[in-house]
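Report on the following structure.
Positions are given from 1, in the same order as the sequence printed here. Since the model is a prediction, treat every value here as computed from it, not as a measurement. Computed over heavy atoms, backbone and side chain alike; hydrogens, waters and symmetry mates excluded. First listed ligand is number 1; within each ligand, the first listed atom is number 1.
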Amino acid sequence: MFIEQLAFAQQFVPNYDESKVPQFVVPDPLMTFKQKKVKNVKDWEKKRRPELLEFFTQNMFGEIPGELKISSYDVVEESGDVFSGKAKRKQVELTFEKNGKTIDFTILLYLPENVKKAPVFIGYNFYGNHTVADDANIIISGAWADNNESFGIVYNQLTEQSRGVRSNRWAIEKMIDAGMGLATIYYGEVDPDRNDFTDGIHPLLYVDDQKQPANNEWGSIAAWSWGLSRAMDYLEKDEDVDASKVIVFGHSRLGKTSIWAGVTDQRFAAVISNNSGCGGAALSKRKFGETVWRINNSFPHWFCKNFHNYSNNEELLPADQHELLALIAPRPLYVASAEEDQWADPRGEFLSAFYATPVYQLYGKKGIPSNIMPPVNSPIQHTVAYHIRTGAHDVTDYDWEQYIKWAKKELNIE
Ligand code: GTR
């Protein structure tokens with residue numbers, strides 16, 4: 001009895017010991033659920049990709065129950081003299097209306113002055129647009145925010161105190177100097193990050209007296225991805241942006257989001273997953289660090305309810321995260337880890353990029369050539385790229401230097 005109880009309890013304790021990673025068969029991305037071999041791009045695009053996409057939609061992220069286009073947009077602020085005249089700034093508010101409800105979110109754009117149509121990185125920020133740069137003109141969002149005393153957020157409201165506090169995570173000047181821009185949005189404007197489906201974008205698509213998404217309908221990550229696609233709708237109209245070179249970026253939960261956005265919207269030219277971990281790049285079946293049970297328990301709203309069927313049940317997953325990454329092929333994909341970020345399972349993130357590679361090879365693209373992890377701070381940069389840097393769960397200048405260099409090469413940016 002005691003041993004059984006111990007075994008029961010142990011499944012909830014995070015494992016950080018490589019020798020305790022369970023043995024499992026990595027599902028073959030090039031074998032259909034009905035055991036048919038995928039031999040070429042046509043088989044992949046016509047059979048395998050759609051069935052995998054359907055699996056991840058119905059069982060992990062949830063489907064979006066309807067269409068919702070931008071009702072109107074407004075360039076609320078614009079200035080031509082930023083970063084000593086090297087850049088311009090725009091703040092564009094997108095509004096959505098349906099079911100008698102309205103929401104809006106604001107895209108903050110920094111664009112290089114000397115480029116006619118600039119390639120851009122797009123990614124959400126955690127604490128408001130005004131945190132990404134020490135720039136007095138950035139509008140502070142009124143949306144709900146998680147309290148964080150050191151950032152001056154005490155009544156779930158963003159404040160002046162946190163202006164620029166996250167500038168270390170956004171190497172904007174490096175992007176500008178490379179001839180690239182940045183588009184960023186506060187994720188809480190699209191859907192506040194809490195287990196409450198009465199706020200954010202979800203209610204606009206409810207039918208009748210629906211109170212929350214159905215089991216196979218969108219959780220918060222799918223909602224945030226939806227927001228990135230609507231931002232893309234806007235970028236396609238912005239004369240200063242090269243919409244064919246928009247790279248979707250995200251860190252941590254927002255890295256899970258950038259992956260799902262890249263999977264579901266092929267207009268994103270490339271995808272960057274920064275320390276995305278469980279439910280992002282990391283293989284779930286390894287159960288290393290954060291697990292499916294843990295994430296569903298701590299953040300019940302991130303994935304759709306059907307994903308809870310796999311809590312402590314990873315063996316049952318017919319597909320793993322490398323197959324999610326493979327859905328980005330043949331577009332460039334960068335997976336990055338941090339050495340101290342064991343919670344996100346760096347090895348699981350690396351292996352996922354490696355096991356996604358056969359799909360890139362179908363397209364004649366180069367991925368991760370071997371299953372041996374590179375040393376720290378030694379990036380592998382092909383169409384599929386990977387690095388593990390020294391340091392903690394974070395976004396650093398080192399990360400951005402790699403992303404910029406790789407994006408320029410992969411997307412032929414001059
Ligand atoms: C952690 C969570 C991770 C990661 C991270 C973040 O608490 O367990 O999956 O998403 O939050 O987004 O900062």
Side-chain angles (χ1 to χ4, degrees), residues 11-16 56 60-62 123-128 131-132 144-148 150-151 153 162 165-166 168-170 184-195 200 219-225 227-228 248-262 271-304 307-308 310-312 314 317 320-321 324-325 335-350 352 388-389 391-396 399:
Q11 59 189 338
F12 302 106
V13 177
N15 174 43
Y16 292 112
F56 287 111
M60 190 168 183
F61 297 95
Y124 282 116
N125 57 73
F126 281 82
Y127 285 104
T131 61
V132 309
W144 182 93
D146 212 356
N147 284 337
N148 179 327
S150 64
F151 288 174
I153 310 167
S162 43
V165 291
R166 278 288 168 84
N168 57 310
R169 284 194 173 185
W170 300 92
T184 186
I185 303 156
Y186 170 46
Y187 81 135
E189 291 197 330
V190 177
D191 187 28
D193 193 355
R194 54 180 173 180
N195 188 16
S220 291
I221 292 176
W224 298 323
S225 310
L228 290 169
V248 64
F249 158 88
H251 169 63
S252 208
R253 71 197 67 181
L254 300 175
K256 308 180 210 299
T257 304
S258 65
I259 294 171
W260 187 236
V271 178
I272 300 170
S273 149
N274 192 88
N275 309 176
S276 65
C278 179
L283 293 174
S284 300
K285 288 177 189 280
R286 281 172 48 80
K287 302 195 234 179
F288 188 101
E290 188 172 33
T291 61
V292 172
W293 168 78
R294 174 79 58 175
I295 203 165
N296 280 332
N297 198 55
S298 315
F299 307 100
H301 57 294
W302 282 1
F303 300 94
C304 73
F307 194 48
H308 292 240
Y310 297 99
S311 292
N312 278 329
E314 288 87 344
L317 281 166
D320 209 332
Q321 300 304 97
L324 178 71
L325 297 183
V335 175
S337 310
E339 195 180 19
E340 291 163 27
D341 186 19
Q342 293 297 311
W343 182 243
D345 186 14
R347 186 170 172 73
E349 296 184 309
F350 167 75
S352 204
I388 175 165
R389 61 155 171 76
H393 187 71
D394 199 358
V395 194
T396 67
D399 294 320

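Among residues two or more places apart in sequence or in another chain, the salt bridge (Lys or Arg N to Asp or Glu O under 4.0 Å) test is passed with R389 by D399. The side chain to side chain donor-acceptor pair (under 3.5 Å) test applied to N296 returns S311, not counting sequence neighbours. With sequence neighbours excluded, the residues that form a salt bridge (Lys or Arg N to Asp or Glu O under 4.0 Å) with R347 are E18.
The shortest side-chain heavy-atom distance between H251 and F126 falls under the 4.5 Å cut-off.
Checked against the 6.0 Å centroid criterion, the rings of F303 and W260 do not qualify as a close aromatic pair.
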Pairs under 3.5 Å, nitrogen or oxygen of ligand 1 with protein nitrogen or oxygen:
unit_1: ligand 1; atom_1: 8 (O); unit_2: E290; atom_2: OE1; d: 3.2
unit_1: ligand 1; atom_1: 8 (O); unit_2: E290; atom_2: OE2; d: 2.5
unit_1: ligand 1; atom_1: 8 (O); unit_2: W343; atom_2: NE1; d: 2.9
unit_1: ligand 1; atom_1: 9 (O); unit_2: K256; atom_2: NZ; d: 2.9
unit_1: ligand 1; atom_1: 9 (O); unit_2: E290; atom_2: OE1; d: 2.5
unit_1: ligand 1; atom_1: 9 (O); unit_2: E290; atom_2: OE2; d: 3.4
unit_1: ligand 1; atom_1: 10 (O); unit_2: S252; atom_2: OG; d: 3.3
unit_1: ligand 1; atom_1: 10 (O); unit_2: R253; atom_2: N; d: 3.2
unit_1: ligand 1; atom_1: 10 (O); unit_2: K256; atom_2: NZ; d: 3.4
unit_1: ligand 1; atom_1: 11 (O); unit_2: R253; atom_2: NH2; d: 3.1
unit_1: ligand 1; atom_1: 12 (O); unit_2: S252; atom_2: OG; d: 2.7
unit_1: ligand 1; atom_1: 12 (O); unit_2: R253; atom_2: N; d: 2.9
unit_1: ligand 1; atom_1: 12 (O); unit_2: R253; atom_2: NE; d: 2.5
unit_1: ligand 1; atom_1: 12 (O); unit_2: R253; atom_2: NH2; d: 3.3
unit_1: ligand 1; atom_1: 13 (O); unit_2: S252; atom_2: OG; d: 2.9
unit_1: ligand 1; atom_1: 13 (O); unit_2: R253; atom_2: NH2; d: 3.3

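With rounding to the nearest 0.5 Å, the separation of CE in M60 from CG in L317 is 8.0 Å.
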